[in-house]
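Heads up, the thing below is written out as structure tokens.
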There are 2 protein chains.
Amino acid sequence: MSETLTARDDEARAEQVYQLVLEGIVAGRYEQGVRLRERELSELYNVSRIPVREAIQRLEQDGFVETFPRRGAVVRQLTLTDVNELFDVRLCLETFAARMAAVRVAAGEPGSRLQELLDDTRQAIDDDRTDDVVRLSAAFHAEIVRLSGNRLLIESVKPLFGRMRWIFGLAHNRSNELQRDEHMELCNAILGGKADLAYTLAYSHIELGREPVLMGLAQTLEP
Amino acid sequence: MSETLTARDDEARAEQVYQLVLEGIVAGRYEQGVRLRERELSELYNVSRIPVREAIQRLEQDGFVETFPRRGAVVRQLTLTDVNELFDVRLCLETFAARMAAVRVAAGEPGSRLQELLDDTRQAIDDDRTDDVVRLSAAFHAEIVRLSGNRLLIESVKPLFGRMRWIFGLAHNRSNELQRDEHMELCNAILGGKADLAYTLAYSHIELGREPVLMGLAQTLEP
DNA sequence: CCCGGCTCTTTTGTATACCAAAAATAGATT
DNA sequence: AATCTATTTTTGGTATACAAAAGAGCCGGG
């Protein structure tokens with residue numbers, strides 16, 4: 001499990017540290033509430049403290065850790081409130097994204113990638129590749145936001161998607177089959193340029209995801 | 001105009017550099033497209049490069065500068081598209097915030113600070129303190145988001161408010177009197193716990209702000 | 001036994017000095 | 001004039017050092 005960074009790797013060190021720590025948090029190797037010490041991480045990953053600091057700053061930005069002045073960073077404690085807040089904000093932004101995506105498709109934007117993702121998901125479900133199903137589902141949501149064409153929206157949603165990945169890792173999800181059906185309906189609405197329908201479908205799809213996640217998290221939180 | 005940091009100032013250096021550069025951008029002292037060199041800033045503000053880097057990172061997060069690998073940061077170029085995207089995302093988030101604020105007030109949350117801000121705005125308009133009017137108007141919007149009680153929403157909106165301050169600095173605004181009237185209506189709806197009305201009023205208030213800003217910016221952009 | 005204060009240690013935030021490599025720039029050449 | 005080349009800047013990163021704050025441990029008193 002040597003996660004040492006190869007010395008000559010022209011991608012930014014900070015980015016790599018960010019990814020590695022994030023992976024650790026999402027995978028549960030860094031438990032909630034654990035302190036992230038700069039020295040510790042810099043030694044573990046064989047980098048100096050500067051890229052570590054940069055990574056931690058970004059982790060804070062994306063809601064995975066909390067930092068306190070002169071006391072450093074700790075992995076955040078996920079609460080049911082966090083999940084509810086996340087779903088509320090997703091409802092705001094992703095429903096708008098779905099509507100805009102439909103509008104832009106109607107205006108001639110090519111939206112083929114959505115269908116592709118659905119096809120891949122079909123395959124992944126049939127092959128029982130659960131990780132891929134989750135990844136493709138997230139990619140589907142991200143693709144809708146991308147289709148909306150609003151760069152600020154894309155930027156604003158990015159931290160939400162990071163959190164979602166985390167939460168879905170902790171609290172397991174409802175039926176992949178059901179979700180794919182909803183995605184298909186939503187995809188058809190968008191590719192058909194039906195803005196209002198896309199909005200409504202996105203809304204109910206996201207809202208349907210809330211309860212199961214809350215239930216799942218409630219169990220992992222207090223066993 | 002020596003902006004040197006006093007040596008013994010127990011607020012974080014990075015934070016101060018962030019504020020100073022931000023001030024410079026918003027005030028137009030750093031023009032759009034200008035490069036921000038780390039060495040330059042660190043000498044100007046009498047700090048080392050570390051807090052400067054941290055400040056620049058945060059400025060990028062908040063959409064004021066753009067960084068390119070190995071080429072550093074430049075002050076962003078504001079376009080009409082940026083403004084439109086900003087208003088679209090604001091419509092998503094702030095209307096939701098207004099609705100939630102009303103819901104929470106109806107559920108017993110004290111919302112007195114809104115009325116206070118309106119009173120102060122009244123005074124500021126009468127005294128012709130334009131800067132204060134702008135500041136108070138921004139504070140009014142921020143207070144609604146705060147009242148929504150959704151911490152993730154508050155966090156998500158923060159970078160938007162930063163951009164607004166910048167844009168409003170470049171493109172002047174419509175009548176303060178009209179805006180205050182709209183704020184008052186919205187305030188009454190929220191304090192009366194009328195969620196749907198608050199939503200509608202917030203929507204039209206924000207949307208009414210779009211055109212004037214676009215017009216104003218179009219002029220300053222190509223004279 | 002618990003509490004308040006007193007060291008001692010750890011960790012952050014920052015400074016300084018330095019380096020490799022990529023960009024920008026100036027200069028030389030065709 | 002345009003292109004290739006050499007020189008300087010600038011970034012991204014390392015290593016090391018240090019003051020000051022936070023935390024841990026210890027100690028004595030109620």
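Numbered from 1 within each chain, the chains take letters A, B, ... in sequence-line order. Treat the numbers as computed from the prediction; the structure is a model and nothing was measured.
- One can place OH of Tyr18(B) at 16 Å from P of dT14(C), the figure rounded to the nearest angstrom.
- Between His141(B) and His205(B), the ring planes are parallel. Angles under 30° get that label, and only those over 60° would be called perpendicular.
- Nearest-nucleotide mapping onto DNA chain C: of Arg39(B) and Pro51(B), the residue sitting toward the 5' end is Pro51(B).
- No side-chain heavy atom of Glu40(A) sits under 4.5 Å from any side-chain heavy atom of Arg35(A).
- Atom CD in Gln16(B) sits about 15 Å away from atom P in dG13(C), given to the nearest Å.
- Taking the side chain of Arg13(B) as heavy atoms from C-beta on, and the options dT12(C), dT11(D), dA15(C), the nearest nucleotide is dA15(C).
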Item to check | Steps toward salt bridge (Lys or Arg N to Asp or Glu O under 4.0 Å) verdict (Asp127(B), Arg122(B)) | outcome: CA-CA 9 Å; Asp127(B) 300 358; Arg122(B) 170 82 283 147; over 6 Å; no

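- In this structure, the CD atom of Glu15(B) is 10 Å from the P atom of dT14(C), given to the nearest Å.
- Glu38(B) places its CD atom 15 Å from the P atom of dT14(C), with the value rounded to the nearest Å.
- As judged by a 4.0 angstrom heavy-atom cut-off over every strand, Leu36(B) is placed among residues touching the sugar-phosphate backbone only.
- When distances are taken from the side chain of Val47(B) to each of dA15(C), dT11(C), dT14(D), the shortest belongs to dA15(C).
- With hydrogens and angles ignored, a donor-acceptor pair under 3.5 angstrom links the side chain of Arg49(A) to the base of dG13(C).
- Between Ser48(A) and Pro69(A), the one whose closest nucleotide on DNA chain D sits nearer the 5' end is Ser48(A).
- Note on Arg163(B) versus Asp82(B): no salt bridge recorded, every NZ/NE/NH1/NH2 to OD/OE distance being 4.0 Å or above.
- Between Phe87(B) and Phe168(B), the two ring planes are perpendicular [angle over 60°; tilted spans 30° to 60°].
- Rounded to whole angstrom, the span from the CZ atom of Arg37(B) across to the C1' atom of dG12(D) amounts to 16 Å.
- As a whole-Å value, the separation of Ile50(A) CD1 from dA15(D) P is 10 Å.
- When each of dT14(D), dG13(C), dT16(C) is scored by its nearest atom to the side-chain atoms of Arg70(A), the top-ranked nucleotide is dG13(C).
- Glu60(A) has its CD atom 14 Å from the C1' atom of dT12(C), to the nearest Å.
- Look at CD on Gln57(B): it is 15 Å from P on dT11(D), rounded to the nearest Å.
- Listed pair Arg71(B) / dA24(C) meets the phosphate criterion, a side-chain N or O lying under 4.0 Å from OP1 or OP2.
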